[in-house]
Engineer: 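Mind looking over this structure? Questions follow.
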Amino acid sequence: MLALGVHGMSVLTAVTAQNSLGVQGAWELPVEAVRAQYRSVVDDIGVQAVKTGMLSSAGLVEAVADLITGTDVPVVVDPVGVSKHGDPLLAASALDSVRTRLLPVATVATPNLDEVAQLTDVRVDSEADMRRAAEAILAFGPRWALIKGGHLPGDAVDLLSDGSSEHWFRAPRHDNRHTHGTGCTLASAIASELAKGHAVPQAVAAAKTYVTGAITSGFALGRGLGPVNHAWNLR
Ligand SMILES: Nc1ncnc2c1ncn2[C@@H]1O[C@H](COP(=O)(O)OP(=O)(O)O)[C@@H](O)[C@H]1O
Ligand SMILES: Cc1ncc(COP(=O)(O)OP(=O)(O)O)c(N)n1
């Protein structure tokens, strides 16, 4: 967010122990602590956009949905389900709350293909299937669905749709295994661009350029999948 010229503020929902090899542990914060953090940043400092990430349980999904329902700023919902290493970050019992409480308040929902499979009955094996995925996600109520095709072979292709218009974002697949945090980075970049007042297609275009640069210059920290390079555009 800083690299894109905005000031990011956090509301922690869970603490994870994780590194380039995987997620070794996760502990949820109490709902009260989440509510209090949200009130602290929103009531005093104010926000121009909201982005959600790991929410862990139905209780936290519903608490966050309650907090952001009715907000007049854009909301990016990254329906985080599973980490890059396959570690669960959302309980199966929380999926219905994501579908019925969180997605309806999203300006943009940004599922990857595993999250599409968790939330809908659509399986995406090709770019053509991404249209069906967008329709299935839009049926839950977000204004826009961004289906991330990072897990398909070939070019890194994402589809943005609001049901009546569609925008394809394509970048060459970069053969760099240091991709820890790609989805979170993309969603945060979209929220940053929306906070600056850009429309959704322009925000996603700028965010795609940013995440592609961050992946291209991702670096080898740790023994597994290192992080993307958030400062690539500042150096
Ligand atoms: N190897 C890669 N090269 C270029 N872009 C990629 C690569 N892997 C993922 N992307 C892009 O990174 C963004 C995040 O996608 P993805 O990795 O599918 O999300 P997630 O981290 O949620 O699984 C998307 O824009 C996707 O197209
Ligand atoms: C705390 C936390 N939230 C989300 C993720 C998943 O991040 P994402 O960018 O979707 O993919 P990874 O590359 O990070 O697996 C996470 N790992 N931890």
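Scope of the values below: all heavy atoms of this structure, side chains included, with no hydrogens, waters or symmetry mates. Note that ligands are numbered from 1 as they come in the structure, with each ligand's atoms numbered from 1 the same way. This is a predicted model, so every value here is computed, not measured. Position 1 is the first residue of the sequence; numbering continues from there.
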Engineer: Does G181 reach ligand 2, in the sense of a heavy atom lying below 4.0 Å from it?
Structural biologist: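 G181 counts as a contact of ligand 2 under the 4.0 Å cut-off.
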Engineer: In residues 9-16, what donor-acceptor pairs under 3.5 Å come from side-chain atoms, sequence neighbours left out?
Structural biologist:
| residue | atom | partner | partner atom | Å |
| --- | --- | --- | --- | --- |
| T13 | OG1 | M54 | O | 2.6 |
| T16 | OG1 | Q18 | NE2 | 2.9 |

Engineer: To which protein heavy atom is atom 14 (O) of ligand 2 closest, and what is the distance rounded to 0.1 Å?
Structural biologist: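 Protein heavy atom with the smallest distance to atom 14 (O) of ligand 2: H180 CD2, 3.0 Å.
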Engineer: Using a 4.0 Å heavy-atom cut-off, which part of E115 comes near ligand 1: side chain, backbone, both, or neither?
Structural biologist: neither
Engineer: Atoms of ligand 2 less than 4.0 Å from C184 heavy atoms?
Structural biologist: 4 (C), 5 (C), 6 (C), 7 (O), 8 (P), 9 (O)
Engineer: Residue-level breakdown please: for P172 versus ligand 1, do any non-hydrogen atoms fall below 4.0 Å on the side chain, on the backbone, on both, or on neither?
Structural biologist: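 Within the 4.0 Å criterion, P172 contacts ligand 1 through backbone atoms alone.
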Engineer: Going by the ring-ring contact (aromatic ring centres under 6.0 Å, His included) test, which pairs reach into residues 100-124, not counting sequence neighbours?
Structural biologist: none
Engineer: Side chain or backbone, does T179 bring an N or O within less than 3.5 Å of an N or O on ligand 1?
Structural biologist: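 Such a contact does not occur with ligand 1.
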Engineer: Under a 4.0 angstrom heavy-atom cut-off, which atoms of ligand 1 come close to K84?
Structural biologist: 17 (O), 21 (O)
Engineer: Between H230 and T185, does any side-chain donor sit less than 3.5 Å from a side-chain acceptor?
Structural biologist: yes
Engineer: What protein heavy atom sits nearest atom 8 (N) of ligand 1, and how far off is it?
Structural biologist: R173 NH1, 3.9 Å
Engineer: To which of Q18, M54, H178, E115 does the heavy atom nearest atom 18 (N) of ligand 2 belong?
Structural biologist: Q18
Engineer: Heavy-atom contacts under 4.0 Å between L225 and ligand 2: side chain, backbone, both, or neither?
Structural biologist: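 Looking at L225 and ligand 2, no heavy atom falls under 4.0 Å.
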Engineer: Under 4.0 Å from a heavy atom of D158: which atoms of ligand 1 are those, numbered in the order shown and with their elements?
Structural biologist: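 Per the distance check, 24 (C), 25 (O), 26 (C), 27 (O).
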Engineer: Would you say T16 has any N or O atom under 3.5 Å from an N or O of ligand 2, going by distance alone?
Structural biologist: no
Engineer: Using a 4.0 Å cut-off to any heavy atom of S83, which atoms of ligand 2 qualify?
Structural biologist: 15 (O), 17 (N)
Engineer: Identify, for atom 7 (C) of ligand 1, the protein heavy atom at the shortest distance, and state residue, atom and that distance.
Structural biologist: I215 CD1, 3.8 Å
Engineer: Whether the K148 and T182 side chains hold a donor-acceptor pair (N or O, under 3.5 Å, no angle test) is what I'd like checked.
Structural biologist: no
Engineer: Looking only at protein heavy atoms, identify the closest one to atom 16 (C) of ligand 2 and say how far it is in Å.
Structural biologist: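 Ranked first by proximity to atom 16 (C) of ligand 2 is L89 CD1, 3.5 Å.
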Engineer: Please state which protein non-hydrogen atom is closest to atom 15 (O) of ligand 2 and give its distance, to 0.1 Å?
Structural biologist: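 That would be K84 N, 2.4 Å.
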